[in-house]
Each structure stands twice: as C-alpha cells, then as structure tokens.
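Read through the structure below, which is laid out as structure tokens, and then see the notes.
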Amino acid sequence: MQGALTEGVYLILISMLVPRHGYAVMQNIETLTAGRVVLGAGTLYGAINNLLEKEWICATGHNAESRKKEYVITPTGRAVLQVEISRLEELIRIGQQERMGVGNEN
C-alpha cells in the first residue's frame, strides 16, 4: 500500500501528465501554485530519479527544440496519482462535514 505523497511528488506527477523536461516541470509547478511552491533543481532531479526507480514516470526521449530529456507519467504513476487524488478528496469531504457540524455528536 502506498502512503501519502509529498506535495512536491504530487505536483511533479500532475505536471508529467504531459511530457515535460525538468525546467518545464519547475515552471509548471510554480504556475499551478501561483508561486507558493518553487522546487529547486536538486529537489526536482532527486525526485525524478526516485520516480524513475519506482517506474511512476519514464523518459520519453529528448525535446527536438531544446534537446532536453523529457519525462511523462506511466500507467503505474497514474494509478498512484488517482489513489492520492481520492485520498485528498476524502480529506476534503471530512473537513467540510466537520466544518458544517455534521458528525459532531459529542
């Protein structure tokens, strides 16, 4: 069973739903989070190596224009991402119920 993903890994997997090279992933994450999350190169490439080992992403080759190596999420990575999205949706549902007073019988 897979535990919760870190925010960085979650955002990297989301970013790799389409093929992207490392710098494009960094830019996409910064854009998605309105600048709240800025990954450094060391953090990103360490995570990329870990995700490659787990086979959650794979290299697709090099971008013809920039000659940079691109990565994309694998079917295994998509499954992990879907489990995480479901987990986060459950947490949101629980939080909304509690905020509205549902389940506060004590």
Side-chain angles (χ1 to χ4, degrees):
M1 170 117 197
Q2 174 60 43
L5 300 181
T6 65
E7 183 177 23
V9 167
Y10 176 80
L11 292 169
I12 291 167
L13 290 174
I14 290 285
S15 294
M16 290 185 179
L17 287 168
V18 298
R20 285 195 168 94
H21 57 79
Y23 184 68
V25 170
M26 290 168 50
Q27 290 178 310
N28 189 58
I29 289 171
E30 193 168 345
T31 298
L32 289 174
T33 64
R36 184 179 60 80
V37 177
V38 179
L39 291 182
T43 300
L44 175 68
Y45 287 103
I48 285 174
N49 287 332
N50 187 24
L51 295 172
L52 286 167
E53 286 177 17
K54 291 180 177 183
E55 298 182 350
W56 293 1
I57 64 170
C58 65
T60 63
H62 290 81
N63 179 300
E65 295 174 15
S66 66
R67 296 193 324 233
K68 293 180 180 177
K69 188 184 287 189
E70 291 187 328
Y71 305 92
V72 70
I73 194 168
T74 63
T76 300
R78 282 181 184 272
V80 169
L81 184 59
Q82 186 53 58
V83 167
E84 182 67 1
I85 289 169
S86 295
R87 186 187 74 81
L88 293 171
E89 287 172 341
E90 178 184 21
L91 291 175
I92 290 168
R93 181 186 53 75
I94 291 167
Q96 289 172 335
Q97 286 176 349
E98 291 301 311
R99 182 178 64 204
M100 299 304 291
V102 176
N104 287 336
E105 289 83 31
N106 297 335

inquiry  = Quick check: do Met16 and Ile48 have side-chain heavy atoms less than 4.5 Å from each other?
reply    =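 Heavy-atom side-chain distance check passes, below 4.5 Å.
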message = With heavy-atom distances below 4.5 Å as the criterion, would you say the side chains of Ile12 and Val25 are in contact?
response =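 Side-chain contact under 4.5 Å: yes.
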query = Shortest non-hydrogen contact from Ala59 to Lys69?
reply =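 Smallest interatomic distance, heavy atoms only, reads CB-CD, 4.0 Å.
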task = Please report the closest heavy-atom contact between Glu70 and Pro19, naming both atoms and the distance.
result =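 Between these two residues, the closest heavy atoms are OE1-CB, 3.8 Å.
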How far does [atom1] of [X] sit from [atom2] of [Y], to the nearest 0.5 angstrom?
| X | Y | atom1 | atom2 | answer |
| --- | --- | --- | --- | --- |
| Leu39 | Gln27 | CG | CD | 12.5 Å |
| Leu51 | Ile73 | CG | CD1 | 8.5 Å |
| Thr76 | Ile57 | OG1 | CD1 | 12.0 Å |
| Thr60 | Tyr71 | OG1 | OH | 9.0 Å |
| Tyr10 | Leu32 | OH | CG | 9.5 Å |
| Leu11 | Leu5 | CG | CG | 10.0 Å |

task = Quickly, which of Leu81, Val9, Ile29 forms a side-chain contact (heavy atoms from CB on, under 4.5 Å) with Ile14? Name it, please.
result =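 The residue from Leu81, Val9, Ile29 that satisfies side-chain contact (heavy atoms from CB on, under 4.5 Å) with Ile14 turns out to be Leu81.
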request  = Answer yes or no: is there a donor N or O on one side and an acceptor on the other, between the side chain of Asn49 and the main chain of Tyr45, under 3.5 Å?
outcome  =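 The answer is yes, because a donor-acceptor pair under 3.5 Å joins these two groups.
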task = For Arg20 and Ser15, indicate whether the former's side chain and the latter's backbone hold a donor-acceptor pair under 3.5 Å.
result =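 At least one qualifying donor-acceptor pair exists.
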inquiry  = Is there a path of hydrophobic side-chain contacts, each under 4.5 Å between heavy atoms, that joins Val80 and Val83?
reply    =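 No, because Val80 and Val83 fall into different hydrophobic clusters, even though each may have its own neighbours under 4.5 Å.
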message = Check Arg36 with Glu7, please: is the shortest side-chain N to carboxylate O separation under 4.0 Å?
response =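 So Glu7 pairs with Arg36 through a salt bridge.
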key: Which residues share a side chain to side chain donor-acceptor pair (under 3.5 Å) with Glu30, sequence neighbours left out   =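 Not a single residue meets the side chain to side chain donor-acceptor pair (under 3.5 Å) criterion with Glu30.
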key: Residues that Arg87 engages under side chain to side chain donor-acceptor pair (under 3.5 Å), provided they are two or more places apart   =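 Arg87 satisfies side chain to side chain donor-acceptor pair (under 3.5 Å) with Glu84 once adjacent residues are dropped.
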query = Has Tyr23 got more than 12 heavy atoms of other residues, nucleotides or ligands less than 6.0 Å from its OH?
reply =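 Counting other residues, nucleotides and ligands, OH of Tyr23 stays at 12 neighbours or fewer.
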